[in-house]
Amino acid sequence: MDLKSIINSPGMWIASSFMVIMVVVQSAIFMREAFRAADQMGISRKTCFTGMRAAAITSIGPAMGPVVILISLISILGAPTTWMRLNDIGAARTELLSATIGAQVIGVDIQSAAYNLKAFSYSLWSMALTDMGWIIVALILTPRMKQALDSLTKKTDKQWVTLVSAGAAMGLFSFLTGNQVVGVGKSGNILAAVAAAVTMLLIGLISDKYPRLQEISLGAAMVIGMFTAATFF
């Protein structure tokens with residue numbers, strides 16, 4: 001049996017499905033706990049579903065980015081492994097890099113004819129070990145971050161906590177945008193960022209009159225920015 005038959009075999013689909021099932025179960029548990037917390041804080045179900053709908057719409061734009069890499073991963077690692085990894089982690093570029101590094105450990109190029117079952121197993125181990133770091137850091141630091149937030153809330157005005165959280169979100173998006181604009185030397189990237197910023201500004205100005213627009217603001221800004229850059233460059 002050749003490599004393609006093995007990596008796309010029913011056994012691989014069954015093995016990969018366990019991780020996907022765990023993700024689904026985790027999502028259901030998180031949603032249940034979120035609804036319970038909403039009830040305790042007096043947040044209505046309508047508001048909860050509005051937030052969920054906004055998140056779902058916003059996720060469409062970022063989800064389109066990994067499509068090209070997704071196709072590459074399927075051709076190299078097979079559909080079951082790709083399905084499992086992107087449902088679990090979702091960082092397509094990281095998975096492709098990890099798989100490449102794993103195969104290079106035994107001197108095999110991931111796109112060459114020499115990529116065999118042994119190299120495939122090394123790729124799997126590389127992807128798993130790469131992600132362990134994120135999981136361990138989140139496991140150790142998340143409880144401490146909650147303690148720090150609770151302590152900050154007790155010692156200071158809650159309004160400051162809200163402002164700090166908003167500032168952290170702004171800093172995150174500014175950092176991600178800046179990496180694609182500053183020092184890159186691509187006018188298309190700058191135009192995309194400007195078009196997206198103008199779109200967000202306009203939606204923010206009219207969101208009081210049309211609240212539903214706020215739900216699609218991030219996704220709309222990303223799409224308009226990409227299409228604007230693609231049109232002129």
Side-chain angles (χ1 to χ4, degrees), residues 19-70 83 85-95 134 138 141-142 145-146 149-150 152-153 158-181 189 191-231:
M19 181 63 73
V20 178
I21 292 171
M22 289 178 60
V23 172
V24 173
V25 171
Q26 278 187 325
S27 300
I29 293 173
F30 280 128
M31 185 175 296
R32 182 192 65 186
E33 294 302 315
F35 281 137
R36 287 180 177 176
D39 292 337
Q40 294 174 0
M41 293 185 291
I43 300 174
S44 66
R45 282 289 186 270
K46 182 179 179 181
T47 302
C48 292
F49 286 119
T50 299
M52 292 169 63
R53 183 171 60 249
I57 295 173
T58 302
S59 67
I60 294 175
M64 297 303 295
V67 169
V68 175
I69 302 177
L70 172 69
W83 173 61
R85 296 305 303 173
L86 294 191
N87 273 283
D88 179 22
I89 303 301
R93 289 181 296 178
T94 302
E95 296 303 309
W134 304 346
L141 296 184
T142 299
M145 291 178 66
K146 183 180 184 304
L149 183 60
D150 291 341
L152 185 64
T153 304
K158 290 184 178 181
Q159 189 65 26
W160 278 106
V161 178
T162 302
L163 292 174
V164 169
S165 300
M170 292 176 63
L172 172 62
F173 281 103
S174 298
F175 175 77
L176 294 174
T177 304
N179 281 342
Q180 300 299 321
V181 175
N189 290 20
L191 181 60
V194 172
V198 171
T199 301
M200 288 289 288
L201 177 61
L202 293 176
I203 292 177
L205 292 175
I206 63 176
S207 61
D208 290 339
K209 188 174 182 180
Y210 304 100
R212 281 289 182 90
L213 289 178
Q214 197 66 35
E215 298 178 10
I216 63 171
S217 57
L218 180 57
M222 294 176 64
V223 172
I224 291 175
M226 289 187 294
F227 274 100
T228 301
T231 300

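Below, each value reflects all heavy atoms present in this structure, side chains not excepted, and no hydrogens, waters or symmetry copies.
Just one of Arg32, Met31, Glu33 meets the side chain to side chain contact (heavy atoms under 4.5 Å, CB included) condition when paired with Phe35; it is Met31.
Note that CD of Gln40 and CZ of Arg36 are 9.0 Å apart. Values are rounded to the nearest 0.5 Å. How far CG of Leu202 is from CD1 of Ile224: 8.5 Å, rounded to the nearest 0.5 Å. Between the CG atom in Leu191 and the OG1 atom in Thr231 there is a gap of 9.0 Å [rounded to 0.5 Å]. Here the straight-line distance linking atom CE of Met22 with atom CE of Met19 works out to 5.5 Å at 0.5 Å rounding.
Across every non-hydrogen atom of Asn189 and Val181, the tightest pair is O-CG2, 4.1 Å. Contact between Gly225 and Ala195 at its shortest, heavy atoms only, is CA-CB, 4.0 Å.
The number of heavy atoms from other shown groups lying within 6.0 Å of CZ (Phe227) does not exceed 12.
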